[in-house]
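Labels below follow one simple rule: chain letters A, B, ... track the order of the sequence lines, proteins then strands, and each chain is numbered from 1. Predicted model only: the values in this text are computed from it and were never measured. The figures here come from the full heavy-atom set of this structure, side chains too, leaving out hydrogens, waters and symmetry mates.
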Amino acid sequence: MPELPEVETIKRVIEPQIQGLVIDKVTVKRPEVVAYPAADEFCGLLTGQTISHMTRRGKFLIIWLNSNDRIILHLRMTGCLLLTPADYPEEKHTHIIFSLSNSMELRFSDTRRFGRFWLFRKDEADTYSGVEKLGIEPFYAELTAEYLNTHLGKRKKAVKECLLDQSAIAGIGNIYSDEILFTAGIYPARPANNLKIEDWERLAAVIPERLSYFIEVNRITPEDYLETKGQDYRNTPFLQVYGQESKPCPKCGETLCRIVVGGRGSVYCPVCQRDL
DNA sequence: CTCGTTTCCTGTTCGC
DNA sequence: TGCGAACAGGAAACGA
């Protein structure tokens, strides 16, 4: 489940290795993975194009071409991008292969097939992918207590659900919402309209701090990334609460609890994150 | 605008 | 040991 830190890691690993390469051929094995345009058109339009650079927006990756056409992709739950030699063993569930001019291949695999690709021409409006609906990037200066209070402070739903709302803040998923709320000392199921300005202030500070921390500890070399099939950089040793149910709280030693908030499993410390 | 529900998918875990 | 059921979850689509 790549969230902002993992997507940023993938960008940092892949981008330097594909810049300036030409896409010689595109093979789509699962047409439904290409959301727009039709898969054959997707292949046709990309063949022969040169890769300029990559950017990230929330959990989306954008591969820019010299023509200013752009590939947009979302990895969703199990999507994975891997740059491999052409003769490298193919991962199960590989759905798209970009054959590149240095005889390497950029491969997209996705067990659960939730991940999607879009391709937009230069100046073509993106009304499909959802990028346009995203809220602010967590590292932008606009992420202030005032912004959070204005956009989320009147909502009745749980603060955790608000953090997961991509149209408010882009890039936070289930793992890092739990981590952020733990660091901020806020109970995940607490209604957003119950938070005080001090709570929003803590969140405004903790959100970029936690995300940049996890990007930092995520650092991985291209060699290790390929070696581990793009799977083993997931911060597991650094998570304080996510997946740590019934283990002791790293701050106070109390046993961590698990509840379901908005349909998502949520782990928290009943002492450090008291319900008010 | 906001809310809850359903859908998409397969690998893993769980209960009997 | 083996089977089916439940679970995991990002985000769109839907109805209210």
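For the pair A:Val13 and A:Pro16, the tightest heavy-atom approach, listed with the atom from each and the gap, is O-CD, 3.6 Å.
For A:His74, taking side-chain heavy atoms from C-beta onward, the closest of the listed nucleotides B:dC3, C:dA11, B:dG11 is C:dA11. The side chain of A:Arg264 sits closest to C:dA11 out of C:dA11, C:dA8, B:dT10. Nearest to the side-chain atoms of A:Glu3 among the listed nucleotides C:dG10, B:dT2, B:dT10 stands C:dG10. Residue A:Arg155 places its side chain closer to B:dT2 than to any other of C:dG10, B:dT2, B:dG11. The side chain of A:Lys92 lies closest to B:dG11 when the candidates are B:dC3, B:dG11, C:dG10.
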Before giving the answer on salt bridge (charged side-chain N to carboxylate O under 4.0 Å, His left out), spell out for A:Arg264 and A:Asp178 the whole-Å C-alpha distance, their side-chain angles and the decisive distance to 0.1 Å.
CA-CA 10 Å; A:Arg264 311 259 159 76; A:Asp178 276 8; over 6 Å; no
Derivation and outcome, ring pair (Phe, Tyr, Trp, His ring centres under 6.0 Å), residues A:Phe238 and A:Phe214:
CA-CA 8 Å; A:Phe238 306 100; A:Phe214 283 110; 7.4 Å; no
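A straight line from CZ of A:Arg113 to C1' of C:dA8 spans 17 Å, rounded to a whole angstrom. Residue A:Met77 contributes atom CE, which lies 6 Å from atom C1' of C:dA8 at whole-angstrom precision. A:Leu164 has its CG atom 16 Å from the C1' atom of B:dC3, to the nearest Å. One atom, CD of A:Glu161, and another, P of B:dT2, lie 13 Å apart when rounded to the nearest Å. Summarising the geometry, the separation between NZ on A:Lys59 and C1' on C:dA12 is reported as 13 Å, rounded to the nearest angstrom. We find that CD1 of A:Ile172 is positioned 11 Å from P of C:dA11, with the value rounded to whole Å. Atom CD in A:Glu32 sits about 18 Å away from atom P in C:dA12, given to the nearest Å. A:Arg116 places its CZ atom 17 Å from the P atom of B:dT7, with the value rounded to the nearest Å.
Ring-centre distance between A:Tyr36 and A:Phe120: below the 6.0 Å cut-off.
Nucleic acid contact class of A:Gly265 (heavy atoms, under 4.0 Å, all strands): sugar-phosphate only. A:Lys154 comes within 4.0 angstrom of no nucleic acid atom, judged by non-hydrogen atoms across all strands.
OP1 and OP2 of C:dA8 both lie 4.0 Å or more from every side-chain N or O belonging to A:Arg76. The shortest distance between the side-chain N/O atoms of A:His93 and the OP1/OP2 oxygens of B:dC9 is not below 4.0 Å.
In this structure, A:Phe114 does not pack face-to-face on the six-membered ring of C:dA11, missing the 5.5 Å centre cutoff or the 30° plane limit.
Toward the 5′ end of DNA chain C lies the nearest nucleotide of A:Asn174, the other residue of the pair A:Ser129 and A:Asn174 mapping further downstream.
Counted by atom type alone, A:Asn193 and A:Lys157 present zero donor-acceptor pairs between their side chains at under 3.5 Å.
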